[in-house]
Amino acid sequence: LEAFLRLAVDEHFLIEDANEAGWFAFRHALTRDTIVSGILAIHTRALHVSIAQAIESEPGGDARVVELSDHYWRAACFAECAAYAEKAGDLAKARHAYAEAADQYERALACSVAGESGRVALHEKAASAYASLGGAQKVLEHLDVPVAYYTAADETARLVEICLDLALAYRRTAQTERAFAVLRQASQLSKSSGNERLVLKSAAQLA
């Protein structure tokens, strides 16, 4: 293996990471893509499973959530991917990398393995990431699910919080009438709940 790596570096196919002994990268993405394209999909999936399991077996490997999300996604191991994708989204959001966070939350949702409450939480996280990106239309799409869920579950406080986010997204997409309608609903709900914090929050947005 060492002789092969030496040759690959000398021929400018690979670059050795000077800071991490034993780590190499392809010099050009096209080289990598050409090599990978010659592998059958069924073998590619098996390789990604092997890589993911090897990462997990390393000390601290389970912290490499972005890589694990990617490998399990490419391996079509959706149950494993969903867990790591959500964690990768949380990590990206904490770093203010909102586009990456949104992509990871979308991936977790696409895996379709979470229960109903888990999917609601993912939609809320995705909406929050898109809100930080200024993607109001995507916020509206993702908040539809939590609105329906909290309405059916009669969870007034959470419904009010979601309505306030929804109203803001409507305003940002120039849907003023819808924004006011949602705010009035939030105001009425918060008053009926007796939650002073939500009453004030609703009144401030309505004003």
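This chain uses plain numbering: 1 for the first residue, then up along the sequence. Here the structure is a predicted model, which is why all the values come from computation and not from measurement. FYI, side chains are in, hydrogens and waters are out, and symmetry mates aren't considered; it's all heavy atoms of this structure.
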Atom pair [atom1] ([X]) and [atom2] ([Y]), whose distance is rounded to the nearest 0.5 Å:
{"X": "H43", "Y": "R45", "atom1": "NE2", "atom2": "CZ", "result": "12.5 Å"}
{"X": "R172", "Y": "Q137", "atom1": "CZ", "atom2": "CD", "result": "13.5 Å"}
{"X": "L109", "Y": "L122", "atom1": "CG", "atom2": "CG", "result": "4.5 Å"}
{"X": "S202", "Y": "K191", "atom1": "OG", "atom2": "NZ", "result": "9.0 Å"}
{"X": "F13", "Y": "L7", "atom1": "CZ", "atom2": "CG", "result": "8.5 Å"}
{"X": "C111", "Y": "R119", "atom1": "SG", "atom2": "CZ", "result": "9.5 Å"}

Heavy-atom pair with the smallest gap, counting every atom of [X] and [Y]:
{"X": "L68", "Y": "A52", "result": "CD2-O, 3.4 Å"}
{"X": "V49", "Y": "C77", "result": "CG2-SG, 3.7 Å"}
{"X": "L164", "Y": "A186", "result": "CD2-CB, 4.1 Å"}
{"X": "A127", "Y": "L143", "result": "CB-CD2, 3.6 Å"}
{"X": "A169", "Y": "A136", "result": "O-CB, 3.7 Å"}
{"X": "I35", "Y": "I39", "result": "O-CG1, 3.8 Å"}

Residues R6, E16: salt bridge by 4.0 Å N-O rule:
no
Below 4.0 angstrom, N of the basic side chain to O of the carboxylate: do D103 and R107 qualify?
no
Any side-chain heavy-atom pair from [X] and [Y] closer than 4.5 angstrom?
{"X": "L5", "Y": "L14", "result": "yes"}
{"X": "K201", "Y": "E161", "result": "yes"}
{"X": "R171", "Y": "F180", "result": "no"}
{"X": "D70", "Y": "E67", "result": "no"}
{"X": "W73", "Y": "F78", "result": "yes"}
{"X": "Y98", "Y": "H96", "result": "yes"}
{"X": "I15", "Y": "V9", "result": "no"}

Would you say [Y] ends up clustered with [X] if hydrophobic residues are merged whenever their side chains have heavy atoms under 4.5 Å apart, either directly or through other cluster members?
{"X": "I51", "Y": "F24", "value": "no"}
{"X": "V145", "Y": "V147", "value": "yes"}
{"X": "I55", "Y": "Y72", "value": "yes"}
{"X": "L200", "Y": "V160", "value": "no"}
{"X": "Y170", "Y": "L206", "value": "yes"}

Would you find more than 12 non-hydrogen atoms of other residues, nucleotides or ligands less than 6.0 Å from [X] atom [atom1]?
{"X": "R74", "atom1": "CZ", "answer": "no"}
{"X": "R27", "atom1": "CZ", "answer": "yes"}
{"X": "R178", "atom1": "CZ", "answer": "no"}
{"X": "K138", "atom1": "NZ", "answer": "yes"}

Indicate whether any N or O donor in one side chain lies under 3.5 Å from an N or O acceptor in the other, for D90 and Y105.
yes
Does the side chain of Y149 pick up a donor-acceptor pair with the side chain of E124 at under 3.5 Å?
no
So, the side chain of [X] versus the backbone of [Y]: is there a donor-acceptor pair under 3.5 Å, distance only?
{"X": "S193", "Y": "S190", "answer": "yes"}
{"X": "S69", "Y": "V65", "answer": "no"}
{"X": "S187", "Y": "L183", "answer": "no"}

Y130 and H142 aromatic ring geometry - parallel, tilted or perpendicular at 30°/60° bounds:
parallel
Below 30° counts as parallel, above 60° as perpendicular, anything between as tilted: where do the rings of H71 and H48 land?
tilted
Take Q175 and L140 through the test side chain to side chain contact (heavy atoms under 4.5 Å, CB included) and record every step on the way to the result.
CA-CA 11 Å; Q175 300 182 66; L140 292 174; 3.7 Å; yes
Should V120 and Y150 be marked as a side chain to side chain contact (heavy atoms under 4.5 Å, CB included) after you check the CA-CA gap, both sets of side-chain angles, and the distance that decides it?
CA-CA 9 Å; V120 168; Y150 292 126; 3.8 Å; yes
Can K125 and E86 be said to form a side chain to side chain contact (heavy atoms under 4.5 Å, CB included), step by step?
CA-CA 9 Å; K125 288 181 178 184; E86 184 172 3; 2.8 Å; yes
